[in-house]
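Remarks on the structure that follows.
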There are 2 protein chains.
Amino acid sequence: MMLELQKDYLKRIVPELPELLVKRYLLLRKVYYSAPIGRRTLAAYFHSGEKVLRKEVDLLREQGLLRVEKRGISLTQSGIDLVTAITPYLKSLLGLTSLEEKLLEILKVKRVLVVPGNLEDDEVVLLEMGRAAAKILRECLTPEMILAVSGGTSCAAVADMLSEGPAPPGIEVVPARGGLGEVVDYQANIIAARVAKKLRARYRLLHLPDSLGEEALQIVLKNEKIKEILEMINSAKVLLHGIGIADEMARCRNATPEEIKKLVNKGAVGEVFGLFFNAKGEVVGSIPGLGLYLDDLNKHVHHVIVVAGGRRKAEAIVAVAGNRARNQLVLDEGAARRILEIAGESATDEYLER
Amino acid sequence: MMLELQKDYLKRIVPELPELLVKRYLLLRKVYYSAPIGRRTLAAYFHSGEKVLRKEVDLLREQGLLRVEKRGISLTQSGIDLVTAITPYLKSLLGLTSLEEKLLEILKVKRVLVVPGNLEDDEVVLLEMGRAAAKILRECLTPEMILAVSGGTSCAAVADMLSEGPAPPGIEVVPARGGLGEVVDYQANIIAARVAKKLRARYRLLHLPDSLGEEALQIVLKNEKIKEILEMINSAKVLLHGIGIADEMARCRNATPEEIKKLVNKGAVGEVFGLFFNAKGEVVGSIPGLGLYLDDLNKHVHHVIVVAGGRRKAEAIVAVAGNRARNQLVLDEGAARRILEIAGESATDEYLER
DNA sequence: CCATGCGGGACTTTTTTAGACCCATTTTTA
DNA sequence: TAAAAATGGGTCTAAAAAAGTCCCGCATGG
């Protein structure tokens, strides 16, 4: 409270502080993730003039935070320390801390962590979310547990940012789904393997194409190996997953226009593991055959880490991750603020209904 | 510690923060003590251009901290709140908090409070010191006690800044000395009366010219009234006093050149109540007759509040107020930093002696 | 071995800032 | 009560700072 008070006063007597602080924080953060990086590249990234950027760089270099060399700009050790140390203060200044508290109430989950920035405007935000989620993930690990991970860019970012180093013994990493989409880096299988490698843990793969006909699926499911892995997935104690937007994911899974229409009519907005959720968080559709398996998962798991960002995913996040007491959400500022807007709107709606 | 850490990081990522903060703090503080005050007067005060100052004023007005009216500039309620609330943060930023801790060790007193700024450059500092000391003074008051105050500009400032309002019952305010100097506002008598009025307490006056011959003094001392007051002074539980520079005060008390030379030869650097102290804090001279009385005072008193500022008073402060466990010092930044310098020098001297 | 991207420097244009007034009004002073 | 001083606001101009746009020599990586 005392800190909040001072922060407020500080903003009034030095109103240029937030702007300066955020600007430089974003610069340092970008360099952190992209070093070594050139002056012009940075300028283009921030849509600012070269001279303007150079001034900032010079200033931060004079402060000993940046190192400017022939090969490009990178952070000094102090710069690295600062970027991590100042994040909580910045979040408080930007109102993200109070945003987190509000979302905690609205979404009724275990934890909400909001990363500054918007995924849609700034690619670095994804990495930052990945880093935050990776940290949480490590906290959740205990010996002899199964960790299930989903696919997608968000989980890929977590794998990227996960620190290398041994995890508790006996951990196994499994993909929560089969193959999906074309980009190999975002496949659950690949991500599971990469996470396992970082953790120096074992992993299993699920060799199952995702969009399979009903009959074919029934046959494949009789395969012992696949049955075994599916059982492993279902007994996972930690679950890491992203969130899909319903219609996009349906299209991505080669659903027919009728099927998509059907889903939309049922109010599907969010998707995860091939399960489709409506705004109230109810399952209104699923990939045939696997649906039941995966619906069970939520009942036995201990920790669920959800990583998602971008304003356009807000509805899906509420639908998929809301009202689940075991969920820990890692969001970006864009999604977080949008969720608050939606909640405000629906609250207004309720008010109007009376 | 956490706060210190953040402060440090904040200074590195926004190095212009201290400058901005201090500049505006000083502006607000000046307005606080001088409102309503005009733009040009302020500009002249800060030795800055009119336009520069106007920009700052506009900014602070937009922040709702200043009110700009035909009659002049004054603080809004928020502005008043801010000026008082931000002081501890500012002190920490300027390193005054750590300065206070160092002085506490060096001077071995009960408390050291350092006010930002230098008395010699900025007249407002005196008022700020007065306000700080007045606050401490009120904390020290208990029913039925005697409060003794000395003369001088510092104590006058305390009287000025003392809030109006009742004190614990039965308090009596007495001047610690008789008349001294020409300026009526700085007489101990007048200050005692003003303090008493603010506290809604009773007061007594000491009708005794300070520079009296030895024989005349002996006669006057037989006066019952005077004896009574002198006894009251000696049984004071709270003592508020400033600090004089030895040679200046000697001259002020109409000492002959020989007497002054004698004092200087004895190493006198500081003065209070007509007692002269050398650098080690020993009494090396006094106004005839009253010396013993006043030397006793320090032995029975509970709280001693010392107010002094300006670099040139540093030696005197160390001499008079150092090494007294009951003393609470209110200093300005100028004096405080100079004291630290002196301590460093003498420490170096000791080092060289080995 | 060359092409790309790097930091640093220089030059010009644009924008911002700062200084020096004057004005109508209010407040203080004589 | 009248004169004098001080108030905020406005404006014009000079100065300075900022920003945009190049070019250069160099290292690095394909």
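Values below: every heavy atom of this structure, side chains too, minus hydrogens, waters and symmetry copies. In what follows, chains carry the letters A, B, and so on, assigned in the order in which the sequence lines appear, proteins first and then strands, with residues in each chain numbered from 1.
- Nucleotide D:dG30 holds its P atom 12 Å from the CZ atom of A:R71, rounded to whole Å.
- Looking only at side-chain heavy atoms (C-beta outward), A:Y203 and A:N189 stay at 4.5 Å or farther from each other.
- Using a 4.0 Å heavy-atom criterion, one finds that A:E69 contacts the sugar-phosphate atoms exclusively.
- Residue A:I37 is in sugar-phosphate contact alone, with no base atom involved, counting any heavy-atom pair closer than 4.0 Å across all strands shown.
- Nearest nucleotide to the A:V52 side chain, out of C:dT25, C:dG8, D:dA19: D:dA19.
- For the pair A:A335 and A:G310, the tightest heavy-atom approach, listed with the atom from each and the gap, is CB-O, 3.4 Å.
- Backbone-only engagement by B:K70 is indicated by non-hydrogen atom pairs under 4.0 Å involving sugar-phosphate atoms exclusively.
- What you find for A:V83 and A:T87 is that their closest heavy atoms are O-OG1, 2.8 Å.
- Side-chain proximity of B:V68 to D:dC22, D:dG8, D:dA27: nearest is D:dG8.
- Considering only heavy atoms from C-beta on, A:N118 comes within 4.5 Å of A:R311 through its side chain.
- Using a 4.0 Å cut-off between charged side-chain N and carboxylate O, B:R200 and B:E164 make no salt bridge.
- Separating the NZ atom of A:K51 from the P atom of C:dT16 is a distance of 17 Å, rounded to the nearest angstrom.
- Whole-Å rounding puts the A:R39 CZ to D:dC23 C1' distance at 12 Å.
- The CZ atom of B:F46 sits 16 Å away from the P atom of C:dA18 (whole-angstrom rounding).
- Atom-to-atom, CZ of A:R67 to P of C:dC6 comes out at 17 Å; the value is rounded to the nearest Å.
- Minimum atom distance to the side chain of A:R54 is reached by C:dG9, of the listed C:dG9, D:dA6, C:dA18.
- Distance B:R40 CZ to C:dT26 C1': 13 Å, rounded to the nearest Å.
- Contact annotation: B:T41 does not reach the phosphate of D:dA6 (side-chain N/O to OP1 or OP2, under 4.0 Å).
- Residue contacts for A:L42: at a heavy-atom cut-off of 4.0 Å it reaches no nucleic acid atom on any strand shown.
- In this structure, the NZ atom of B:K55 is 17 Å from the C1' atom of C:dA20, given to the nearest Å.
- Rounded to whole Å, the distance from CG on B:D58 to C1' on C:dA18 is 14 Å.
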